[in-house]
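This report refers to the structure that appears directly beneath it.
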There are 2 protein chains.
Amino acid sequence: MLTDMDISSRASLKNITELGTDLGLLPEEMMLFGHTKAKVELSVLQRLAGQRKGKLIIVTAVTPTPHGEGKTVTSIGLTQSLNAIGQKACACIRQPSMGPVFGVKGGAAGGGYAQVVPMQEMNLHLTGDIHAVSSAHNLGAAAIAARLFHEARLGKAEFEAQSGQAFLAIDPKEIRWHRVVDHNDRSLRQIQVGLGDNNGPEYGSSFDITAASELMAILALSHDLADLRARIGRLVLALNTQGQVITADDLGVAGAMTAIMADAIKPTLMQTLNGSPCLIHSGPFANIAHGNSSIIADDIALRLADFVVTEGGFGSDMGFEKFCNIKVRQSGQAPAAAVLVTTLKALKANSGLVSEADSNVSNIHVPNISATNSNALDKARLEAGFANLNWHINNVARYGVPVVVAINRFATDSDAELQWLTEAVNASAAFGCEISDAFSQGEAGAIALAQTVVRAAETKSQFKLLYPDEASLEAKLSTLAEVGYGAKGVSLSIEAKQQAQQLTALGYGHLPLCMAKTPLSISHDPSLKGVPKDFVVPVRELVLHAGAGFITALVGNVMTMPGLGLKPGYLKIDIDAKGEIVGLG
Amino acid sequence: MLTDMDISSRASLKNITELGTDLGLLPEEMMLFGHTKAKVELSVLQRLAGQRKGKLIIVTAVTPTPHGEGKTVTSIGLTQSLNAIGQKACACIRQPSMGPVFGVKGGAAGGGYAQVVPMQEMNLHLTGDIHAVSSAHNLGAAAIAARLFHEARLGKAEFEAQSGQAFLAIDPKEIRWHRVVDHNDRSLRQIQVGLGDNNGPEYGSSFDITAASELMAILALSHDLADLRARIGRLVLALNTQGQVITADDLGVAGAMTAIMADAIKPTLMQTLNGSPCLIHSGPFANIAHGNSSIIADDIALRLADFVVTEGGFGSDMGFEKFCNIKVRQSGQAPAAAVLVTTLKALKANSGLVSEADSNVSNIHVPNISATNSNALDKARLEAGFANLNWHINNVARYGVPVVVAINRFATDSDAELQWLTEAVNASAAFGCEISDAFSQGEAGAIALAQTVVRAAETKSQFKLLYPDEASLEAKLSTLAEVGYGAKGVSLSIEAKQQAQQLTALGYGHLPLCMAKTPLSISHDPSLKGVPKDFVVPVRELVLHAGAGFITALVGNVMTMPGLGLKPGYLKIDIDAKGEIVGLG
């Protein structure tokens, strides 16, 4: 069997300028980066301001499992098949983080015959946006450290006299802006900086992976460069010794941070294996941030295509919920339909009837269905797993969005089980259910899915947010827990309660909440599988993201810097005798 | 007066593909990055393998001063003027580090009417090479930390059984590979990493600015991608508990580090203000590394142009010496002539007759020459300063290279003093002396310089290295100190002596030395101005750079991570209402 990389490297690619021209871009609106990538100039938005907009399709999934549900494969495959049936379709997806490419797995550009190509361009630097985010972020951190150093060295009067800048009195214990790097490096999770002579003051710091930077969320949520500049200016970098916020504008570093990101705000055009256009832009985490591609990329694509396919991170309780309550709230662009991806394996792994050890085994059919009895059903697990799927169907429907279930078929799937599942979905609130073979068959593999999605998008959807801006922060948290997850309620720590009051008093009470919880359960507890009940969501802390425009609610421990495993992905990566990169996937 | 940025943004640029075609590149050998930059594919080297090569001109300078001597301005200006007089000329210069752009000054793309344009492209991300070096470097650091973590967690038997990799027993106190970031951030000079639960082991680490990464020196010295891969494989990342070296190949991370740099090995083509071609590539420091642009860029340019102008960092005791003894030793490409840049201000600042406070004043003419007596000579300082210049003239001549002195004229310079200096140079061992007005007049300002350089390059130069490979490390150090700087001798610390023995025993005795000393004096002591005598150069430590292929001798404290000053450059940088970056220079 061919690897993803083999398939990618054998693909014959369209000229990227021609691809962009076919999509409706002018040559001067494309800034080439090599032969296979072009950044799209934002001037296109002015040119097409009056244009009617296409339909936005959001791809989401059941509760994620270690097997991978294939959300990106389905998004790419659906885009390919929409074009194959004569619709003009464009995918809008996130840029993969480079860290995990060298860590867990080979790549994140889809897979099989539903890929963005060349996959090594997509998986490595792309057009440098993540590097720009890292650099802008770390300039902010360097600015704080330098200001601390000079203010401590000179004292207020001398500092102000010599520097011509106001004394900020930053509290080294209240620094809210640390560092980022686009690698998995657990040794940087907690560090002490400013050691040694004349490098101080010493303070505790940390590195997150770049995808966790608030700048990445800002990149995804900005409407244009001026909006990016304004949001960066509002970033809260630290508190002063009086407890007042110090912003990037206070430090005078917001302009330079924006300058570093001036090209990063332009989405990158690439293509899928069948030559469908794909805009790749931003890559915010789906736990501490909202986990969707950018408003700008969607906006450009919607003015050029009939259908724009985008995806939310993790399950519908996470990426889809945030897509709605954070991104759509800021963009005003509601989806016309949703695709909910599941697999038979995911169903069983989410059943709660698989031991943790078994759920990590790649083929969890084996203990239940023997090769000699291919018509047998693993009924107990299917039914319990379907409850999880059905919860996600209803969760999407709650937002007034028609939902099509896509069963991403694996080669080992049993036809009898696929049939059982299709029937179960067809009896649910879902608009429809289709099996997708996009991975193994490319554009031919998701024709039925594409057709059903087109029909779903033609229904009159009535999008609604889960909560209004004007609800109190505590009320929003209750709604998210009770309606969003089916919890009995929410409990705020004393700290979180105080923060809710403070943030409201400071005028941030209107912001939406971004729930930083485990993706591995609909609840806050990763051990609760299926459809958890009778749980209370504990909110530990509220963190203001004034630039991104949301407040993150920390529920449990959320990892913002992954580590490298025992057999990291980099072991296989090299260049071959021809100078080509090998081992990426 | 127009700023550098004003001049840059008003320039009318040639189409970069046409510029490359005029230089002799095929369209398929250029990988466009936006509208003004193109990476050059290394396949051009095979195509032109049999081509005759042009002449290499190395630009160096007197001992650097706070006023700036204008080495890059002169390099760009000379290239422009060579083209203006009908020679086919190309500049090969280093990529500026982004950190200092936000720190000290606006930019490093030349200045006035001798600039690489657009200067903001040159000064910010360019084509991402520095980001790639940072990323590759930090992947190596993450790999060490992860290996330490897993080996400590599992112990030898379990680690080997579970991972299928050999137990390396890295000594956390002997890690030789830390982190880099392309910012000025003194708080990262000395840090402690691996703090907190389950992130360990804890160890002392540090961040250098990316220009100080050995990978940057490797990028500059590699002959092709296979050579880059081999050099990265040889990198010494740590010692094990037995004191044996652990390389990047031992860790299995060299292939992935190379993959990250697979595009960075391709030089970037830009243009100067008069449309002369300029290859920009790599940016190694000139203290702990060799401070020159890349062998690959020179090699490409020499096959396409009659004259290739490149520059060495700092004064001739630093960048030029290393250009000869490290780069030419590895490339085999000797220079046909050298240009030695000086200014009247530099002469006086190097005289030893200016107080330290005065030497930082922008106009050090004032105390000596009144506006009413413009023919007066500041003779004592001129003569003492000329001794420094004359030392550099003789230093270059020592390598058998004809040297042309370029006096970079400032608006406030006195004609009488310029005349005095020209006569003094003409009586020296220099091939010639010309005044350059490249800053204020562009291509018209360095015509005479270009003509004299052409004549100098026509002389039969007889390049010779300062020391042979087979000299012992201690003999090389003595030669560098005594012949290279005019010292009485060299004194090695006990540690350095042991290291010299160890490195020789390990088979590294044939490598050239890279002297990491202050650039602010010909000696090791920045307070010794003019032509220091009777000093002994103290060598504290020898550091093997097995990948770059040299041994760095640490003489005094060399800063590998700058800090941000009281009024950092970023304060002025922003985007304007049109979305253009402003305040870069």
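The chains referred to below are lettered A, B, ... by the order of the sequence lines, with proteins before strands, and numbering in each begins at 1. Being a predicted model, the structure only gives us computed values, none of them experimental.
Looking at Tyr570(A), both its backbone and its side chain come within 4.5 Å of chain B, counting heavy atoms on both sides. For Gln165(A), the part lying under 4.5 angstrom from a heavy atom of chain B is the side chain only. Both the backbone and the side chain of Ala143(B) come within contact range of chain A, with heavy atoms under 4.5 Å apart. Neither the backbone nor the side chain of Arg147(B) comes within less than 4.5 Å of any heavy atom in chain A. Contact of Met30(A) with chain B is made through the backbone alone, with heavy-atom distances under 4.5 Å. Proximity to chain A (any heavy atom under 4.5 Å) is restricted, for Val181(B), to the side chain, taken from C-beta onward. Contacts of Ala262(A) with chain B are made by side-chain atoms alone, with heavy-atom separations under 4.5 Å and no backbone atom involved. Residue Ala577(A): no heavy atom, backbone or side chain, is found under 4.5 Å from chain B. For a residue to count as touching a neighbouring chain, one of its non-hydrogen atoms must lie under 4.5 Å from one of that chain's; by this rule Asp224(A) does not touch chain B. Heavy atoms of Leu32(B) lying under 4.5 Å from chain A belong to its backbone as well as its side chain. For a residue to count as touching a neighbouring chain, one of its non-hydrogen atoms must lie under 4.5 Å from one of that chain's; by this rule Leu148(A) does not touch chain B. Within the 4.5 angstrom heavy-atom criterion, atoms from both the backbone and the side chain of Phe33(B) approach chain A. The parts of Leu571(A) that come within reach of chain B are both its backbone and its side chain, each placing non-hydrogen atoms under 4.5 angstrom from that chain. For Lys39(A), no part sits under 4.5 Å from any heavy atom of chain B, backbone or side chain.
Put simply, CG on Leu225(A) and NZ on Lys578(B) are 13.5 Å apart, with the number rounded to the nearest 0.5 Å. Distance check, rounded to the nearest 0.5 Å: CD1 of Ile191(A) to CD1 of Ile191(B) gives 4.5 Å. Separating the CZ atom in Arg186(A) from the NE2 atom in His150(B) is a distance of 4.5 Å, to the nearest 0.5 Å. Note: Leu188(B) CG to Asn199(A) CG = 9.5 Å, rounded to the nearest 0.5 Å.
A donor-acceptor pair under 3.5 Å is absent between the side-chain atoms of Gln190(A) and the main chain of Asp197(B), judged by distance alone. Side chain of His125(B) to main chain of Ile260(A): a donor-acceptor pair is present (N/O by atom type, distance under 3.5 Å, no hydrogens or angles).
Closest heavy-atom contact between Ala146(B) and Leu564(A): CB-CB, 3.6 Å.
Legend: ring pair (Phe, Tyr, Trp, His ring centres under 6.0 Å) pairs involving residues 184-203 of chain B, not counting sequence neighbours: none detected.
Considering only heavy-atom pairs separated by less than 4.5 Å from chain B, the leading option among Ser163(A), Gly99(A), Gly164(A) is Ser163(A). Put simply, of Leu42(A), Leu195(A), Asp182(A), the one with the most heavy-atom pairs under 4.5 Å next to chain B is Leu195(A).
The closest side-chain heavy-atom distance from Arg179(B) to Ser187(A) is below 4.5 Å. A heavy-atom distance below 4.5 Å is not found between the side chains of Asp263(A) and Leu124(B).
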- Query: What do the steps show when you test Asn138(A) against Asp185(B) for side chain to side chain contact (heavy atoms under 4.5 Å, CB included), and what is the final call?
  - Reply: CA-CA 9 Å; Asn138(A) 292 332; Asp185(B) 191 346; over 6 Å; no

- Item | side chain to side chain contact (heavy atoms under 4.5 Å, CB included) assessment of Leu154(A) paired with Leu566(B) | CA-CA 10 Å; Leu154(A) 295 171; Leu566(B) 253 186; 3.9 Å; yes

- Go through the steps to decide whether Arg229(A) and Asp574(B) satisfy the test side chain to side chain contact (heavy atoms under 4.5 Å, CB included), and finish with yes or no. CA-CA 9 Å; Arg229(A) 172 64 183 81; Asp574(B) 211 328; 2.8 Å; yes

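Identified by a heavy-atom distance below 4.5 Å to chain B, the contributing residues of residues 126-135 of chain A are His131(A), Ala132(A), Ser135(A), in residue-number order.
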